Amino acid sequence: MAPSGSRSIACWRVLYWIPVLFICLIVAWSYYAYVVQLCIETIENMGEKIIYLLLYHMLFIMFMWSYWQTIFTKPMNPLKEFHLSHPDKELLEHEDRRESQQEILRRLAKDLPIYTRTTSGAVRYCDHCLLLKPDRCHHCSACDKCILKMDHHCPWVNNCVGFSNYKFFMLFLAYSLLYCLFVTATDLQYFIQFWTNGLPDTQAKFHIMFLFFAASTFSVSLAFLFAYHCWLVCKNRSTLEAFRAPAFQHGPDKNGFNLGINKNFRQVFGDEKKYWLLPVFSSLGDGCSFAKCPVNPDPEQPSLFPVHNPSVKGATEPQQFPPQILRESQNQLLSNGQSEDRDKIGTSNPALTIEKET
């Protein structure tokens, strides 16, 4: 017999699918209203009917394909080298002093391509997944795991939007917007005929009216959401990073991963143009390491993280991470003069406490 806790979790998981079911019902009704009631029952011109049906089904297929990919593409989790080994877990658990805990994490992170820190300068560590967080990785409370390049958890797809499906999410927004705009534009003249009594008094009149209102309303909301995520892609930011800038050696930097519009776009959609409009995975990189924008910090501005003074008795040299070798797909994003910046890695302060972010 299954424990009550397991049944409760299963019930909650079923409830999470309600927003997805709602969207599917709306889309199914819109298909019936447009194809059957508008095109087949109302439009009399055969040429107009065929053109509308062909264009509609092209948009409908791309819209549903990208929506399916967004929902059922599993979010990618950090690679195994970011997870703590069993001896390291025990060592960390048995260590009471925070300084020593941070020293252990700093030792484990020195060979990993980790550039970002918490706002206090500590190594980013997840105490739920027991791993060192890669750059741009966050723990999703809904999925209960760390997600690579997490953007947000979307209830309308019942999935976490991150590195593995962000391109699909962008295409879903684009094709759903085009779908709604097309339905609104082609339904407009018949919607006007409804109010001028130019249509016969059948049930098609009400489908045409509500179809116009639904498509135009969704068009407005989708236009704002799509424009916002286009801006995020151009800036190479996630939704989480737009609200809280990632912290580097020189402090929080909202443009820390901004490589320019062209390279930012290719990081999400890939280098091969033939895949840009198709909901197939073509993003660059592995989601664990990212090319950094070169920075030239103002020497008069104080650094976010304390710097050790070797002249002070008892002070130690700051621990620096060795230069990390970026993968080939990430090297393509770096222009001349930018590759040197990846060697500039933040230092950690042994006096800093462990800050566990979500």
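What you are looking at is a predicted structure, and each value in this text was computed from that prediction instead of being measured.
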_Do the side chains of E241 and K254 get close enough for a salt bridge, i.e. N-O under 4.0 angstrom?_
no

*Rounded to the nearest 0.5 Å, how far apart are OG of S176 and CG of L181?*
9.5 Å

*Who are the side-chain contact (heavy atoms from CB on, under 4.5 Å) partners of Y32, not counting sequence neighbours?*
V36, Q37, Q203, H207

*Measuring from R124:CZ to T118:OG1, what's the distance to the nearest 0.5 Å?*
8.5 Å

*Step by step, work out the side chain to side chain contact (heavy atoms under 4.5 Å, CB included) result for L105 and Q102.*
CA-CA 5 Å; L105 294 177; Q102 183 62 202; 4.3 Å; yes

*Shortest non-hydrogen contact from R107 to D88?*
NH2-OD1, 3.9 Å

*asked:* With no hydrogens and no angle check, just 3.5 Å: does a side-chain donor-acceptor pair link S282 and K167?
replied: yes

*Say whether N258 and R237, considering side chains only, have a donor N or O and an acceptor N or O under 3.5 Å apart.*
no

*asked:* Using the side-chain contact (heavy atoms from CB on, under 4.5 Å) criterion, which residues pair with C234? Sequence neighbours excluded.
replied: I261

_What's the separation between atom CZ in F60 and atom OH in Y175, rounded to the nearest 0.5 Å?_
15.0 Å

_Give me the atom names and distance for the closest heavy-atom approach of L177 to A223._
CD1-N, 3.8 Å

_E81 and L112, any side-chain heavy atoms less than 4.5 Å apart_ = yes

*Could you tell me which non-hydrogen atom of N264 sits nearest to which non-hydrogen atom of F257, and how far apart they are?*
OD1-O, 3.9 Å

*How are the rings of H152 and F169 set relative to one another: parallel (under 30°), tilted (30 to 60°) or perpendicular (over 60°)?*
perpendicular

*Specify whether F265 and F269 have parallel, tilted or perpendicular ring planes, treating 30° as the upper limit for parallel and 60° as the lower limit for perpendicular.*
parallel

*Considering non-hydrogen atoms only, spot the tightest contact between H139 and K133 and give its length.*
N-NZ, 4.2 Å

_Contact between L131 and C146 at the side-chain level, heavy atoms closer than 4.5 Å - yes or no?_
yes

*Under 30°, 30 to 60°, or over 60°: which ring-plane class applies to F191 and F213, parallel, tilted or perpendicular?*
perpendicular

_Residue pair E99, R97: steps toward the salt bridge (charged side-chain N to carboxylate O under 4.0 Å, His left out) verdict_ = CA-CA 5 Å; E99 293 181 6; R97 295 185 306 164; 5.1 Å; no

*Within a reach of under 6.0 Å around OH of Y56, are more than 12 heavy atoms found that belong to other residues, nucleotides or ligands?*
yes

_Check this for me: K49, atom NZ, are more than 12 non-hydrogen atoms of other residues, nucleotides or ligands nearer than 6.0 Å?_
yes

*Between F163 and F281, how do the two ring planes meet: parallel, tilted or perpendicular, split at 30° and 60°?*
perpendicular

_Side-chain H-bond candidate by donor/acceptor type, Y34 with Y52, under 3.5 Å_ = no

*Show your working on side chain to side chain contact (heavy atoms under 4.5 Å, CB included) between L84 and L108 and close with a plain yes or no.*
CA-CA 8 Å; L84 268 64; L108 297 174; 3.9 Å; yes

_Set of side-chain contact (heavy atoms from CB on, under 4.5 Å) partners for F243, sequence neighbours left out_ = Y228, T239

*Heavy-atom pair of closest approach, residues L171 and W276*: CD2-O, 3.6 Å

_Any donor-acceptor N or O pair under 3.5 Å, side chains Q267, N236_ = yes

*Among W68, Y67, W65, ring pair (Phe, Tyr, Trp, His ring centres under 6.0 Å) partner for F172*: Y67

*Can you find a side-chain donor-acceptor pair between E90 and H86 that sits under 3.5 Å?*
yes

*Distance-only side-chain donor-acceptor flag, D135 / T116, under 3.5 Å*: yes

